There are 2 protein chains.
Amino acid sequence: MTSNPRSHRMTKQRRVILDVLRDTDSHPTADWLYEQVRRIVPRISLGTVYRNLRVLKEKGDIQELNYGSTYSRFDGKTENHYHFVCLECARIGDVLLPLSEDIDKKVTDSLGWQVDFHRLEFYGSCPDCTAKEKAQ
Amino acid sequence: MTSNPRSHRMTKQRRVILDVLRDTDSHPTADWLYEQVRRIVPRISLGTVYRNLRVLKEKGDIQELNYGSTYSRFDGKTENHYHFVCLECARIGDVLLPLSEDIDKKVTDSLGWQVDFHRLEFYGSCPDCTAKEKAQ
DNA sequence: GTACGTGCAAATATTTTGCAGCAGT
DNA sequence: ACTGCTGCAAAATATTTGCACGTAC
């Protein structure tokens with residue numbers, strides 16, 4: 001064989017999408033990414049953004065989040081971490097807590113469901129929205 | 001005043017939707033609920049199902065889940081609990097672990113984000129899908 | 001009787017996909 | 001050169017909404 005049939009090509013589009021996603025901590029939507037990437041690759045299509053997000057997710061280079069909304073958000077951080085979702089402004093932030101790995105084993109052992117990983121999200125009000133509430 | 005302007009009416013449609021949702025533990029989609037409710041209220045529309053699901057969610061009678069998919073699933077259990085998502089067949093199950101309340105306070109105190117509640121999901125392979133893998 | 005709820009259908013919003021040509025390796 | 005990738009546009013999926021009529025309270 002001359003090459004891996006499942007190989008991935010690092011096209012300009014793919015690299016820019018990944019760069020933009022890694023350069024923000026705003027957990028953006030596909031459409032936001034599309035608008036940003038368009039500044040650098042003007043003729044890119046939204047379909048290409050979605051296709052690349054899927055490939056990057058399958059490669060494990062990015063994460064897809066869909067908490068509390070009908071659309072997905074994306075995260076360029078590959079290390080597993082927790083999130084905070086503001087119920088008022090829909091902003092998502094990172095929560096820097098140590099992951100508890102033993103909880104996965106506990107579920108696997110007691111329920112018989114094979115756990116690969118877990119996700120934990122906190123819902124509430126972010127500092128900005130909490131301040132606005134108090135001002136009223 | 002003669003009545004509360006924000007009062008909710010318990011229509012036949014709303015009651016049947018709630019009953020069907022409480023009678024299953026399959027965490028169904030809006031469309032599945034629509035098909036089930038249609039057997040009892042044949043002329044109900046999908047729009048009515050969605051409108052009622054929103055009202056019931058805002059009242060706190062049901063929960064909306066959107067883990068690992070582009071569509072929502074609904075849960076008639078009002079007490080907070082954790083979920084397991086099968087990455088292969090997309091089935092969602094309940095995880096009966098005691099909730100840790102102190103973790104909310106820990107996030108609120110250390111990050112300054114006001115936490116109302118948290119959600120925890122485990123991702124992996126359910127017993128059925130694990131068995132199929134081993135059979136191959 | 002009032003105003004919230006409903007059925008219907010059209011509109012939105014988000015994501016996916018067929019296809020012919022382009023480009024990374 | 002081979003095959004994955006792209007742009008484009010249309011399709012598919014999921015959810016929301018305007019409107020005239022219906023019904024719970």
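As the structure is a prediction and not an experimental result, all values here were calculated from the model. Residue numbers begin at 1 in each chain, while the letters A, B, ... track the order of the sequences.
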Student: Could you tell me whether Asp25(A) and Lys77(A) have a side-chain N and a carboxylate O separated by less than 4.0 Å?
Tutor: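 No, Asp25(A) and Lys77(A) are not salt-bridged.
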Student: Given atom OH of Tyr34(A) and atom P of dG7(D), what is their separation to the nearest angstrom?
Tutor: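 That distance rounds to 9 Å.
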Student: Can you tell me how the ring of Tyr67(A) sits relative to the ring of His83(A), calling it parallel under 30°, perpendicular over 60° and tilted otherwise?
Tutor: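 Taking His83(A) first and then Tyr67(A), their aromatic rings sit tilted (interplane angle of 30° to 60°).
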Student: With heavy atoms under 4.0 Å as the rule, sort Ile44(B) into base, sugar-phosphate or nothing.
Tutor: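 Result for Ile44(B) = sugar-phosphate.
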Student: By nearest heavy atom, map Tyr71(A) and Val55(B) onto DNA chain C; which one lands nearer the 5' end?
Tutor: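 Residue closer to the 5' terminus by nearest nucleotide: Val55(B).
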Student: Below 4.0 angstrom from OP1 or OP2 of dT6(C), is there any side-chain N or O of Ser45(B)?
Tutor: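 Answer no for this pair, as no side-chain N or O of Ser45(B) is under 4.0 Å from OP1 or OP2.
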Student: Let me know the distance between CG of Leu18(A) and C1' of dC5(D), rounded to the nearest Å.
Tutor: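 Distance, rounded to whole Å: 16 Å.
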Student: So which atom in Pro98(B) and which in Tyr82(B) form the shortest heavy-atom distance, rounded to 0.1 Å?
Tutor: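 Result for this residue pair: O-CE1, 4.0 Å.
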Student: Does Arg54(A) put a side-chain nitrogen or oxygen below 4.0 Å from OP1 or OP2 of dT17(C)?
Tutor: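 Yes, within the criterion.
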Student: Does Ser7(B) put a side-chain nitrogen or oxygen below 4.0 Å from OP1 or OP2 of dC25(D)?
Tutor: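 Looking at the OP1 and OP2 atoms of dC25(D), neither is under 4.0 Å from any side-chain N or O of Ser7(B).
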Student: Need one value for Asp31(A): base, sugar-phosphate or nothing, where a base atom within 4.0 Å counts as base even if backbone is also close, heavy atoms only.
Tutor: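 Nothing, no nucleic acid heavy atom in range.
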Student: Would you mind classifying the nucleic acid contact of Arg43(B) as base, sugar-phosphate or nothing, using non-hydrogen atoms under 4.0 angstrom?
Tutor: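 Sugar-phosphate, no base atom in range.
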Student: From NZ of Lys12(B) over to P of dG22(D), roughly how many Å is that when rounded to an integer?
Tutor: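 From Lys12(B) NZ to dG22(D) P: 17 Å.
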Student: Write down the distance between CG (Leu65(A)) and P (dT15(C)), rounded to a whole number of angstrom.
Tutor: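 After rounding, the reported distance stands at 12 Å.
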Student: Check whether any side-chain N or O of Tyr50(B) sits under 4.0 Å from OP1 or OP2 of dT15(D), and answer yes or no.
Tutor: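 For Tyr50(B), the contact criterion (side-chain N or O under 4.0 Å from OP1 or OP2 of dT15(D)) is met.
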Student: Provide, to the nearest angstrom, the distance between the CD1 atom belonging to Ile17(A) and the P atom belonging to dT6(D).
Tutor: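 Ile17(A) atom CD1 is separated from dT6(D) atom P by 7 Å.
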Student: Give one of base, sugar-phosphate or nothing for Ser72(B), where a contact means two heavy atoms less than 4.0 Å apart.
Tutor: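 Result for Ser72(B) = sugar-phosphate.
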Student: Check for me, please, whether Leu18(B) and Tyr34(B) land in the same ILVMFWY cluster - side-chain distances under 4.5 Å, paths through other members count.
Tutor: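 Same cluster: Leu18(B) reaches Tyr34(B) through Ile, Leu, Val, Met, Phe, Trp or Tyr contacts under 4.5 Å.
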Student: Take atom CD of Glu64(B) and atom P of dA14(D), then tell me their distance rounded to the nearest Å.
Tutor: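 Distance check: Glu64(B) CD to dA14(D) P gives 14 Å.
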Student: Any carboxylate oxygen within less than 4.0 angstrom of a Lys/Arg side-chain nitrogen, looking at Glu64(B) and Lys57(B)?
Tutor: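 Lys57(B) and Glu64(B): salt-bridged.
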Student: If the cut-off is 4.0 Å, is Asn66(A) near the phosphate of dT14(C), judged by side-chain N/O to OP1 or OP2?
Tutor: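 So the side-chain polar atoms of Asn66(A) never come under 4.0 Å of the phosphate oxygens OP1 or OP2 of dT14(C).
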Student: Calculate the interatomic distance between Arg15(B) atom CZ and dA24(D) atom P; express it in whole Å.
Tutor: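 For the pair Arg15(B) CZ and dA24(D) P, the rounded distance is 9 Å.
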Student: Is any side-chain nitrogen or oxygen of Thr70(B) closer than 4.0 Å to OP1 or OP2 of dT13(D)?
Tutor: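 For dT13(D), OP1/OP2 do not have a side-chain N/O of Thr70(B) under 4.0 Å.
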Student: Starting from P on dT13(D), measure out to CZ on Arg73(B) and report it in whole angstrom.
Tutor: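 After rounding, the reported distance stands at 16 Å.
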Student: Take Val41(A) and Arg9(A), find for each the nucleotide of DNA chain D with the closest heavy atom, and name the residue whose nucleotide sits nearer the 5' end.
Tutor: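 Residue closer to the 5' terminus by nearest nucleotide: Arg9(A).
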Student: Considering every strand and a 4.0 Å limit on heavy-atom distances, what is the contact class for Arg14(B): base, sugar-phosphate, or nothing?
Tutor: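 Sugar-phosphate only.
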Student: When you check the phosphate oxygens OP1 and OP2 of dT6(D), does a side-chain N or O of Thr11(A) lie under 4.0 Å from one of them?
Tutor: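 Thr11(A) to dT6(D) OP1/OP2: side-chain N or O found under 4.0 Å.
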Student: Using OP1 and OP2 only, check whether a side-chain N or O of Gln13(B) sits under 4.0 Å from dT23(D).
Tutor: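 No, because none of the side-chain N or O atoms of Gln13(B) sits under 4.0 Å from OP1 or OP2 of dT23(D).
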Student: Let me know which of Ile92(B), Ile62(B), Asp94(B) forms a side-chain contact (heavy atoms from CB on, under 4.5 Å) with Asp75(B).
Tutor: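 When Ile92(B), Ile62(B), Asp94(B) are each tested with Asp75(B), the side-chain contact (heavy atoms from CB on, under 4.5 Å) holds only for Asp94(B).
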